2 protein chains.
Amino acid sequence: MTIPAEQRRIAADEVRLPPGLLPDGRSGRILVEALRLFAEYGFHDTSIRDLAKASGIRSATLYTHYPSKEHVLAELIRLGHEAHHTALAAALPGTAPGSAERLAALVRAHVLGCARYPLLASIANSELHALSPGLAAPSLLLRADSRQMMLDTINLGLDAGVFDVPDPFLALTAIAGMGIRVANWYGSATPYTPEDIADSYAAFALRLAGARA
Amino acid sequence: MTIPAEQRRIAADEVRLPPGLLPDGRSGRILVEALRLFAEYGFHDTSIRDLAKASGIRSATLYTHYPSKEHVLAELIRLGHEAHHTALAAALPGTAPGSAERLAALVRAHVLGCARYPLLASIANSELHALSPGLAAPSLLLRADSRQMMLDTINLGLDAGVFDVPDPFLALTAIAGMGIRVANWYGSATPYTPEDIADSYAAFALRLAGARA
DNA sequence: GTCTATACGTAGATAGAC
DNA sequence: GTCTATCTACGTATAGAC
């Protein structure tokens, strides 16, 4: 039932969510419990009955709130992508396109989200394959746009001469990838705040991109 | 049945494995098919019947080769961790402890494995939670040792003054994390060879660690 | 080693009363 | 909205013949 710490997909042990992201009442409660169970055991190893029990209802009642188990997952993944995209977009104002400051702000927002809301980030990044194409589509659009924001920032910085990398796409994958993994290892046992990690990783990203010192 | 490209957990579309890693005959064939199915759909969404059909046998026959579906996964994950650990250990000779060359060699080995054998790397890193503790134990030992190799390298490099980072653990998570993600995005559609990526990421790691230029 | 046949539990989802 | 009861399909695994 309980997975040993070293084998868990995520180290975090509390469900945290962006304020106001979820609906009130039972529908919201179901999403919270689904987030916890899907992140820990995976979508396919969590049954409707598991989810209902954790939510304090019977399995049949779940269907008055969501048409299927897949729709519950889809809603969580969509909300996760939206929160992520919103955070990145909010990081742009106040920074010049293609500046080192803009890249630092984007990385900080990316990593902060992964550290503050690791369950949400983990599900959004690891369970998308379980959705039918129609339910995955909104998240894919947001994901493509978030990615483009970061790639544009790297490319414009290269044009402006503030960065120095042989291949901008590889820099993107490295910077984005190290941030995504934070959702897996960050937990209450670590001595860092999410802000600590976001700042450190932003500095790493600037070094990696060869930003002028 | 088939997952759209943008939703797949891994971009690779061919099963590649270190030469000689798997047994010959039917037992090996089962592992190859399990690798493909588990990596694509996940352990819990692949049934014994799916696996048997892909292997060219009936589901009952599978039990003459492995005692359970979980044992098939355990074997794959163990082999993956062994291949990874062996590759890291083989990178050490010829480099001085704590040197920038050693970190570069370790990162190159790490990333090369993730790019050459993405299915194996992906499963080893994302399905460990599905194993009972007894079956996961051998892999956990190898994982801890691999991690320590990299952490020692960073710490000794700091002592020697060849690196410059405020927090070695955060550098470790960033360097290891960006490499692990390569298994997810690298595929035949990208214009890079695994060696290209390994070299680029090794350079990124040195920059990130503040290696003297 | 491989098969056919099957046991037995649990999965997702629905019917209809309250 | 929530329940009890239930449908039907599929899950892992086993029995026993060849």
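As the structure is a prediction and not an experimental result, all values here were calculated from the model. Letters go in sequence order (proteins before strands), and every chain restarts at 1.
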Euclidean distance, atom [atom1] of residue [X] to atom [atom2] of [N] [Å, nearest integer]:
X: A/Lys53; N: D/dT2; atom1: NZ; atom2: P; result: 18 Å
X: B/Lys69; N: D/dG11; atom1: NZ; atom2: P; result: 9 Å
X: A/Tyr41; N: C/dT10; atom1: OH; atom2: P; result: 17 Å
X: A/His71; N: C/dA13; atom1: NE2; atom2: C1'; result: 13 Å
X: B/Ile48; N: C/dT10; atom1: CD1; atom2: C1'; result: 16 Å
X: A/Leu62; N: C/dA11; atom1: CG; atom2: C1'; result: 14 Å
X: B/Leu51; N: D/dA13; atom1: CG; atom2: P; result: 12 Å
X: B/Tyr63; N: D/dA13; atom1: OH; atom2: C1'; result: 5 Å

Side chain to side chain contact (heavy atoms under 4.5 Å, CB included) assessment of B/His65 paired with B/Ser55: CA-CA 12 Å; B/His65 299 280; B/Ser55 305; over 6 Å; no

Nearest-nucleotide 5' precedence on DNA chain C, B/Ser59 against A/Thr46: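 The residue closer to the strand's 5' end, by nearest nucleotide, is B/Ser59.
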
Ignoring backbone atoms, establish whether [X] has a side-chain N or O less than 4.0 Å from OP1 or OP2 of [N].
X: B/Arg58; N: C/dT4; value: yes
X: B/Thr61; N: C/dG1; value: no
X: B/His44; N: C/dA11; value: no

I want to verify a distance call: between [options], whose nearest atom is closest to the [X] side chain?
X: A/Thr64; options: D/dA13, D/dG1, C/dA13; answer: D/dG1
X: A/Ala60; options: D/dT12, C/dA15, C/dG12; answer: C/dA15
X: A/Ile57; options: D/dT12, C/dG1, D/dC3; answer: D/dC3

Exercise: do B/Ser188 and B/Glu14 side chains pair donor with acceptor under 3.5 Å: no

A/Thr173 versus B/Tyr186, side-chain donor and acceptor atoms under 3.5 Å: no

Comparing A/Gly56 and A/Arg49 on DNA chain D - which has the more 5′ nearest nucleotide: A/Gly56

A/Glu195 with A/Arg116: basic N within carboxylate O range, under 4.0 Å: yes

Sugar-phosphate, base or nothing in reach of A/Ser27, heavy atoms under 4.0 Å: nothing

Sugar-phosphate only, base, or nothing, as touched by A/Ser47 at under 4.0 Å among non-hydrogen atoms: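 Sugar-phosphate, backbone atoms only, no base.
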
Plane angle bin for A/Phe169 and B/Tyr192 - parallel if under 30°, tilted between 30 and 60°, otherwise perpendicular: parallel

